[in-house]
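Written below as C-alpha cells is the structure these notes are about.
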Amino acid sequence: MRYETTTLLQALNDCTALIDENHAETGMPGELRPAWRMYRDLDAIGLSFGLIARDADGLPVGYALVIISPHPHAVDRLFATNDTIYVTPSARALGVGGQLFVRAEREARSRRAVAFQWAVPAGSPLDRALARRCSVSRQITYQREL
C-alpha cells in the first residue's frame with residue numbers, strides 16, 4: 001500500500017469513485033455536490049490537505065480530507081477536523097483506515113494543528129478506538145437532518 005499527501009482538490013479528483021461509494025454508504029440523503037470552489041479556496045490557504053491510499057496497481061482504495069483552521073474560541077491555535085475518511089470495503093481489513101487516521105493526525109501536527117476533531121459514526125470501530133485514545137474530554141458530534 002502506498003500513501004500520499006495531496007491537496008484537497010487532487011484527492012477529490014483522484015478519488016471520485018470512492019467519494020461516490022462513501023456518499024452512498026454514509027452520506028446525507030440527496031445528490032452529492034462537492035463545493036469545488038470552497039476546496040480550491042482552502043487549498044490556496046495551504047493548511048488543509050488530502051491523503052490517498054493506493055493499492056499495488058496505483059488505484060485509490062482509501063482517502064481522507066482534513067480541514068485545518070483557527071478555532072473560533074482560540075484564534076491563535078489551529079485545529080484539524082476530518083472532512084471525511086473512507087476506505088473501500090475490500091481494503092478495510094488491511095489496516096488502511098488506521099494508517100489514514102495516524103497519517104492524518106501526524107500531517108496535521110506538522111502543519112501546526114494543536115488538536116484534531118474527529119466526527120465519526122457513534123458505535124463505529126473508529127468511535128471505539130478514539131474513546132480509548134483521547135486524553136482530552138470525549139465529545140460526541142451529532143448531525144441532525146433539518
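Remember, it's a predicted structure, so these values are computed and weren't measured experimentally. All values below were derived from every heavy atom in this structure, side-chain atoms included, with hydrogens, water molecules and symmetry-related copies excluded. In what follows, residues are counted from 1 in the order of the sequence shown.
- Inter-residue side-chain proximity for Tyr86 and Tyr63 is flagged as met; some heavy-atom pair is nearer than 4.5 Å.
- In terms of hydrophobic clustering, with Ile, Leu, Val, Met, Phe, Trp and Tyr side chains grouped at heavy-atom distances under 4.5 Å, Val114 and Val102 are assigned to different clusters.
- Counted by atom type alone, Thr84 and Asn22 present one or more donor-acceptor pairs between their side chains at under 3.5 Å.
- Although no hydrogens or angles enter the test, the distance criterion places no donor-acceptor pair under 3.5 Å between the side chain of Asp57 and the main chain of Leu59.
- Of all non-hydrogen atoms in Ile52 and Gln10, the two that sit nearest each other are CD1-O, 4.4 Å.
- The CE atom of Met38 sits 11.0 Å away from atom CG of Leu8, with the distance rounded to the nearest 0.5 Å.
- Taking hydrophobic clusters as Ile, Leu, Val, Met, Phe, Trp and Tyr residues chained together by side-chain heavy-atom distances below 4.5 Å, Phe116 shares a cluster with Phe101.
- Tested against Leu12 for a side chain to side chain contact (heavy atoms under 4.5 Å, CB included), the candidates Leu18, Thr6, Ile19, Thr7 yield a single pass: Ile19.
- Within the 4.5 Å cutoff, side-chain heavy atoms of Asp14 are placed close to those of Arg54.
- Residue Ile85 comes nearest to Gly97 through the heavy atom pair CD1-O, 4.1 Å, listed as atom of the first residue, atom of the second, then distance.
- Within the model, atoms OG of Ser69 and CD of Gln117 stand 8.0 Å from one another, a figure rounded to the nearest 0.5 Å.
- Placement of Leu51 and Met1 within a single hydrophobic cluster is found when ILVMFWY residues are connected by side-chain heavy-atom separations under 4.5 Å, directly or transitively.
- Between Leu78 and Pro70, the closest side-chain pair of non-hydrogen atoms falls below 4.5 Å.
- Across all non-hydrogen atoms, the minimal contact from Ala113 to Ile68 is CB-CG2, 4.5 Å.
- Annotation for Gly50 and Ala11: closest pair CA-CB, 4.1 Å, computed over non-hydrogen atoms.
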- Check against salt bridge (charged side-chain N to carboxylate O under 4.0 Å, His left out), Glu107 and Arg111: CA-CA 6 Å; Glu107 183 65 25; Arg111 294 173 187 236; 2.7 Å; yes

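- Contact record, Trp118 with Ala104: CH2-CB, 4.2 Å, taken as the closest heavy-atom pair.
- Using a 4.0 Å cut-off between charged side-chain N and carboxylate O, Arg2 and Glu4 make a salt bridge.
- Side-chain heavy atoms closer than 4.5 Å link hydrophobic residues (I, L, V, M, F, W, Y) into clusters, and following such links, possibly through other members, connects Ile45 to Val66.
- With His23 contributing its side chain and Glu31 its backbone, the two residues share no donor-acceptor pair below 3.5 Å.
- Interatomic distance, Leu65 CG to Thr81 OG1, rounded to the nearest 0.5 Å: 12.5 Å.
- The shortest side-chain heavy-atom distance between Ile67 and Leu42 falls under the 4.5 Å cut-off.
- Residues Leu100 and Val87 form a side-chain contact, since some pair of their non-hydrogen atoms from C-beta on lies under 4.5 Å apart.
- Taking the side chain as every heavy atom from C-beta outward, Trp36 and Leu9 approach each other to under 4.5 Å.
- There is a path of hydrophobic side-chain contacts, each under 4.5 Å, that joins Leu32 to Tyr39.
- Pairing each heavy atom of Thr16 with each of Asn13, the nearest pair is CG2-O, 3.8 Å.
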